[in-house]
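Take a look at the structure below.
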Amino acid sequence: MSGNRVRLQAIRDVEAYVPPSASFTDTEAPGQIFGENVFNKVVMQKRLPKSVYKSVIATIEHGAKLDPLVGDAVASAMKDWALEKGVTHYAHVFYPLTGLTAEKHDSFLEPVSDGSALAEFAGKTLTQGEPDASSFPNGGLRNTFEARGYTAWDPTSPAYVLENPNGNTLCIPTVFVSMTGEALDHKTPLLRSQQAMGEHAERILKLFGHTDPEHVVSFCGPEQEYFLVDRHFFLARPDLLNAGRTLFGAKPPKGQEFDDHYFGAIPERVLGFMMDTERELFKLGIPAKTRHNEVAPGQFEIAPMFERANLAADHQQLLMTTFKTIAKKHGMECLFHEKPFQGVNGSGKHVNFSLGNSEVGSVFVPGDTPHENAQFLVFCAAVIRAVHLYAGLLRASVASATNDHRLGANEAPPAIISIFLGDQLADVFGQIAKGAATSSKGKGTMIIGVDTLPVLPTDPGDRNRTSPFAFTGNRFEFRAPGSMQSVAGPMTTINTIMAESLDYMATILEKALADGEDFDTAVQLLLTEIITEHGDVVFNGDGYADAWPIEAEKRGLANLKTTLDALPELITEPAMALFEKYKVFNHREMHSRYEIGLEQYALTIGVEARLTLEVGATSILPASVRYQTELATNVAALKAAGVEGDPDALAEVSGPIAELRAGLATLKAALDEETDHGALAEAEHARDALLPAMLTVRAAADTLEAIVADDLWPLPTYQEMLFML
Ligand code: ADP
Ligand code: MG
């Protein structure tokens, strides 16, 4: 089918589509199926010998090193459990640096000498795999003549069964490393950073009287925003299909947001999808409650309950895969792109994080006693210091070509990394800056100390939607991560910079104690020092205001607008020293991340540029020219009949057509240009030549969309995609 007929057929198909009903029925209680497909602690306790169970739990709960001897026993129990669930294959699941999820599938069946096959699954098969993975990005860490990457079982993230009409698969979460042990994935550094953060957080807890604190871990609750569009439209948009975002499309005319014809149908269909996703997520042990409260039409949000960061990261990836699959089942496509529709709200992934253990809960909850409050303030000060010192790294952890469309735009957090504390906490730190906090705003709190620190109200009070890093009562919320990225990168950065700050503070306080100084005074002095030196990163105002970038510059806060401004932060001396010191990344690994960041950036924009050229030249230009011809024919025919036509209309379409042609020529020239000078040059070329040329093409095309006869227009419009669900 050609151009406009694809679109018109899609509209008819959408109108005729009858979505399936959800499979989550009234009679099925969510509790019945929760974790049904997970090889979790309950299953392990039932199926593993006691000593093996204990050993695995010691690794999961307390970060103990995995005893290599338990592998066989766990593998065997896992296999039996999986076979009972109709599993035929197993897969090592890992998270390569493309940001996607990769799986290496193998059959349980292994041929034996008599020609038959046996279901085999040995310990070594569980604990280590060797995917044929030479095509995953490694930023120079793994030359093809070197050995391949290896996957290694991560026992802290439970194995699960993924159901599929063509056979069920046992999925084993793994890390992905080179033969020399260098990280090729997002999970390895996350686990390393947890370790570092935990160690130093425990030192702080000890100083506050927890003599033998439980292992401190970081928790993460990612709020995920996404769009749903009807699949008929999705398939009729090569840009959405291949780049995940619309490279063309005029904004829908105002006032038509609430088209009555479609309004009633929206909740039902999306609700069916939501119920189905919930059911699937429950089976996989992902505690998620969907909701539909987003600003843009067609946009929704889901927030799974917070979990340990590495588990949350795995679950988050699994959630995205599940959403994609279930959306298809309901005739829709789920879009995780940060900016699928220009001029319409974008999607983020808010990373809520806290540190803690089952003993103290979140260290970001002010306790009931001043003593606990002092501990709370120390942890908060650590965050303030960490974010101020390493704002560039936080910015780099969310840098991507796709997130560039969102950060700094009007409805997303600005690219300037600052902290919002809320009035009460800001007030307390304001007083600490002056020497000592003696009172706390609102809620009639008392004046006491460790001995001079106030009791703090637990109510977070106010919210600030414009801040990239906000205190929200019992946690911090990092709002800059993009909707399609893994939370592992941001969490790795947060853990590492927290490890450094906690280390710094613990060292000072331990020394004070060893020197026989008064602990309360030492805490007080340290807090004052930190808020004095790093208080500039605290900003409670409107992050969208024009005055903020100017003010931020005065404060010396960086405004790293694009990915190419942010990525060099990864390879500064202080950054590399930091990650090396806490054994999260060595120099080579940092350089590899930087290189991969550049490659991915150039790759993303390269694909978009080629798509822009293709769609522009083969769909939009022909449709526009047809309309131009129609008008010209009309003018000529009328003239022949002695009637005055409308030459203005012809000129109106001819102008943008000329611009479109010129834009396409420039874009083609930019694409044809030789740029084989390494990753940085390619990325710069993408930013400086491809992106501007794409914008020129788009501007002309979007103008034409408003002029060309609707029945000729080839691409589903914003109006159709956003409001026909
Ligand atoms: P809000 O509407 O205030 O943003 P939500 O209920 O949407 O709150 O919660 C946002 C996310 O924050 C959820 O994923 C939730 O599990 C998570 N969260 C709540 N408490 C914590 C915590 N202590 N540490 C980490 N994440 C948390
Ligand atoms: Mg929130």
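Each ligand, and each atom within it, is numbered from 1 in the order the structure gives.
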Ligand-residue contact atoms, ligand 1 with [X], heavy atoms, under 4.0 Å:
| X | result |
| --- | --- |
| Pro304 | 13 (C), 14 (O), 16 (O) |
| Met305 | 16 (O) |
| Gly221 | 11 (C), 14 (O), 26 (N) |

With respect to atom 8 (O) of ligand 1, which of Glu477, Arg475, His350 exhibits the smallest heavy-atom separation?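 Answer by nearest heavy atom: Arg475.
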May I ask you to decide if the ring planes of [X] and [Y] are parallel, tilted or perpendicular, using 30° and 60° as cut-offs?
| X | Y | answer |
| --- | --- | --- |
| Phe579 | Phe585 | tilted |
| Phe176 | Phe94 | tilted |
| His534 | His388 | perpendicular |

Is any N or O atom of Ser354, backbone or side chain, closer than 3.5 Å to an N or O atom of ligand 1?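 For ligand 1, there is an N or O atom that lies under 3.5 Å from one belonging to Ser354.
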Test your reading of the structure: does Phe219 have an N or O sitting under 3.5 Å from an N or O of ligand 1?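 For ligand 1, there is no N or O atom that lies under 3.5 Å from one belonging to Phe219.
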Would Thr472 count as a contact residue for ligand 1, given that I'm defining contact as a non-hydrogen atom of the residue lying under 4.0 Å from a ligand atom?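 Thr472 does not count as a contact of ligand 1 under the 4.0 Å cut-off.
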Looking at Asp404 and Arg395, is there a salt bridge between them, counting it only when a charged N and a carboxylate O are closer than 4.0 Å?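 Answer for the salt bridge query: yes.
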Could you list the residues that satisfy side-chain contact (heavy atoms from CB on, under 4.5 Å) with Gln195, not counting sequence neighbours?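 With neighbours one apart ignored, the set is empty.
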Contacts of Phe306 that satisfy ring-ring contact (aromatic ring centres under 6.0 Å, His included) - sequence neighbours left out: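 Phe306: ring-ring contact (aromatic ring centres under 6.0 Å, His included) contacts with Phe219.
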